[in-house]
Structures are given as C-alpha cells and as structure tokens.
Protein chains: 2
Amino acid sequence: MSEKGVLNHPFRKGELLDLNCPSREILQHIASRWGILVLIALDRETLRFSELRKKISGISEKMLSQTLQTFEKDGFIHRTMLPVMPPHTEYRLTPLGLEVYEQVIHLSDWIELNLPRVLNAGKEA
Amino acid sequence: MSEKGVLNHPFRKGELLDLNCPSREILQHIASRWGILVLIALDRETLRFSELRKKISGISEKMLSQTLQTFEKDGFIHRTMLPVMPPHTEYRLTPLGLEVYEQVIHLSDWIELNLPRVLNAGKEA
DNA sequence: CAGTATCCGCTTGGATACTG
DNA sequence: CAGTATCCAAGCGGATACTG
C-alpha cells in the first residue's frame with residue numbers, strides 16, 4: 001500500500017482545515033474518544049457487543065453503543081442481528097471501514113512502538 | 001528498558017485496548033478534538049500562534065493554546081519565543097512530531113479522498 | 001501579538017433500572 | 001444477551017474580556 005501519490009499530496013490538501021469541510025465531521029467520528037479503539041478492536045474480526053466491551057477495557061455500554069451507531073451510519077461497521085432469544089448481534093468492519101482501519105493502525109502501531117521515546121521526550125521537555 | 005517489553009514485542013497488537021496502557025493517553029492527545037488538525041497545519045512549516053489560528057479555522061484561542069502545550073510536553077512540537085515587543089512566538093514540529101504527522105496524514109488524506117464514498121455509504125445505510 | 005482568566009453550556013461517562 | 005432510558009457529577013470545549 002505504498003501509494004506514493006498520497007504522501008506527495010497530488011490532490012487537494014488542507015480542506016480539513018476549513019471549518020466548513022464535511023470531512024471534519026468524519027474525522028471527528030473517527031478521532032473521537034473511542035472511535036479509533038473500536039476500529040482497532042474490530043480488526044478483521046466479527047464480535048458481539050459484550051465481546052467488544054470486554055476487549056475495549058474501560059468503555060461504558062453507553063459510549064460503545066453510541067460509537068457503534070455512528071460508525072454504522074458512516075458505513076464503517078456492519079451490524080447483524082440474529083432473531084433469536086437471547087439476542088445475538090454481531091459487528092464487523094465493512095470494506096470501507098477496513099480502509100479506515102488500515103489508516104488508523106499506522107498511528108496506533110507507531111504509538112505503541114515509540115511510546116518509550118515519547119515518554120522520554122516528555123521528561124526532557 | 002525491558003520493563004514493559006514494548007520494544008521487545010514490536011508486532012504485538014492490542015495494548016492500546018488495555019485500560020492501563022500508557023499509550024492510551026498519547027492517543028488521546030493526538031486524537032483529541034484539535035490534535036490532528038494542529039499536526040496537519042504544522043506540516044513542515046514554522047507558524048506563529050495567530051497564523052495557526054487562521055489556518056485551523058474554527059479553533060478557539062484556548063483550545064489552540066491547550067493543544068500546543070500538550071504537544072510541547074509530549075515532545076511533538078517545539079516552541080520558540082523571541083524576546084521582542086510585540087511578542088513573537090513560533091511553533092514547528094520536532095522530528096518526533098514529524099513522525100506522528102506522517103501517520104495521521106494517512107488518515108487525513110484518506111478521508112478527503114474518500115469523502116464521497118463515505119457520504120454515499122451513509123445514505124444507503 | 002500571544003496568550004491567560006472567566007464564565008457557561010455541552011459532552012462524557014458511571015450507575016442503575018428497565019425492555020425484548 | 002443487547003441494548004435503551006434516565007439521572008447526575010465531572011471535565012471538556014467555546015466565547016469573551018483582559019494583560020504583558
């Protein structure tokens with residue numbers, strides 16, 4: 001996925017910095033308190049609500065539900081409800097959501113790998 | 001330096017999903033309301049406070065100041081104050097900050113490029 | 001110009017109760 | 001199990017006024 005074009009910015013850049021750019025809203029959804037963690041948790045897996053809650057430690061039912069709904073509306077997550085009792089609901093990334101995942105995983109991996117450097121830089125500053 | 005073994009498990013995923021992982025805090029800083037936009041705005045440029053405010057349309061003085069201070073502590077941004085009147089202060093990315101920039105620009109570019117697909121997916125869902 | 005101080009509303013998130 | 005509804009406390013974020 002070495003699309004050189006992206007890093008060279010052949011397309012229009014900086015629209016995100018414009019207050020009225022609709023990309024801002026999508027960025028907000030992804031870079032919300034739990035957005036990136038939900039995307040990472042669904043890494044090519046199909047998970048149920050309770051499994052997601054366990055995997056993303058610290059998230060409340062309310063915020064998980066809210067984040068999942070937002071992503072479902074954005075088309076990043078597919079929700080499958082099985083009409084059984086007790087209820088069984090599954091969540092997985094859509095192809096579009098997988099693309100988003102592939103972008104945010106760069107950031108997530110960088111943070112985990114470079115945390116010592118960041119903490120050290122923080123001390124020096 | 002083998003306290004948490006972060007460096008020893010470069011491909012381990014999911015530590016971010018742990019409530020007590022210190023990476024969570026750094027992620028919060030970056031994926032805060034204005035974090036990514038500030039990083040993008042400083043794209044290899046040296047800018048003053050007022051220039052940043054103009055470039056990142058919609059940001060308040062308070063949040064710009066707060067975001068800059070957080071990133072300075074994290075070692076992502078370098079601040080240079082010139083002792084002149086009126087005050088002159090410059091901000092630029094540190095080498096560490098540039099690395100973070102290179103991760104988030106993936107996400108930013110993807111959103112701007114694929115916004116039509118996202119908006120369309122939203123309608124269908 | 002480069003911020004800080006202040007006030008205020010919205011969001012976040014926990015706890016709990018309830019439904020299908 | 002998979003949520004929704006409600007209340008409440010705390011913190012985040014925004015607008016404005018003010019200072020060196």
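All figures in this text were calculated on a predicted structure; none of them were measured in a lab. Quick note on labels: first sequence line is chain A, next is B, and so on, each numbered from 1.
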Please tell me if A:Y91 has a side-chain N or O lying less than 4.0 Å from either OP1 or OP2 of D:dG3. yes
Rounded to the nearest 0.5 angstrom, the OH-NE2 distance for B:Y101 and B:H106 is 10.5 Å
Residues passing the salt bridge (charged side-chain N to carboxylate O under 4.0 Å, His left out) test with B:E90, sequence neighbours excluded, are none
To the nearest angstrom, the CD1-P distance between B:I56 and C:dA2 comes to 14 Å
- request: Give one of base, sugar-phosphate or nothing for A:Q66, where a contact means two heavy atoms less than 4.0 Å apart.
  value: sugar-phosphate
With the side chain defined as heavy atoms from C-beta on, A:T89 is closest, among D:dT4, C:dT12, D:dA2, to D:dA2
Of the listed C:dC1, D:dG14, C:dG3, the closest approach to the B:F49 side chain comes from C:dG3
| query | With a 4.0 Å cut-off on heavy atoms, is A:Q69 in touch with a base, just the backbone sugar-phosphate, or nothing at all? | reply | sugar-phosphate
dist A:L64:CG -> A:L68:CG (nearest 0.5 Å) comes out at 4.5 Å
Writing each nucleotide of DNA chain D 5' to 3' as (, ), [, ], | or . by Watson-Crick or G-U pairing under 3.5 Å yields ||||||||||||||||||||
For nucleotides 15-20 of chain D, 5' to 3', base contacts (B), sugar-phosphate-only contacts (S) and non-contacts (-) with protein non-hydrogen atoms under 4.0 Å give B-B--B
| query | Below 4.0 angstrom from OP1 or OP2 of D:dA2, is there any side-chain N or O of A:R79? | reply | no
Tabulate below the donor-acceptor pairs under 3.5 Å that side-chain atoms of residues 77-84 of chain A make, not counting sequence neighbours, or state none.
{"residue": "A:R79", "atom": "NE", "partner": "A:Y91", "partner atom": "OH", "Å": "3.2"}

Sorted by chain and residue number, the salt bridge (charged side-chain N to carboxylate O under 4.0 Å, His left out) partners of B:E99 (sequence neighbours excluded) come out as A:R117
Taken in chain and number order and not counting sequence neighbours, the residues that satisfy salt bridge (charged side-chain N to carboxylate O under 4.0 Å, His left out) with B:E45 are B:K55
Closest of C:dT12, D:dG13, D:dC1 to the B:M63 side chain is D:dG13
With sequence neighbours left out, the residues meeting side-chain contact (heavy atoms from CB on, under 4.5 Å) with B:K62 are B:S60, B:Q66
From CD of B:E51 across to C1' of C:dC1 the rounded distance in Å is 11 Å
Rounded to whole Å, CG of B:L64 lies from P of C:dT4 at a distance of 10 Å
_Strictly below 4.0 Å: does B:S65 bring a side-chain N or O up to OP1 or OP2 of C:dA2?_
no
Next item on the list: Report yes if a side-chain nitrogen or oxygen of B:R48 is closer than 4.0 Å to either non-bridging phosphate oxygen (OP1 or OP2) of C:dA2; otherwise report no.
Entry: yes
Hits for salt bridge (charged side-chain N to carboxylate O under 4.0 Å, His left out) against B:R24, two or more places apart or cross-chain, chain-then-number order -> none
Across all chains, not counting sequence neighbours, the side-chain contact (heavy atoms from CB on, under 4.5 Å) partners of B:Q28 are A:R33
Picking from D:dC1, D:dG3, D:dG14, the nucleotide nearest the side-chain atoms of A:S50 would be D:dC1
Item checked: N or O in side chain of B:W34 less than 4.0 angstrom from D:dG14 OP1/OP2 -> yes
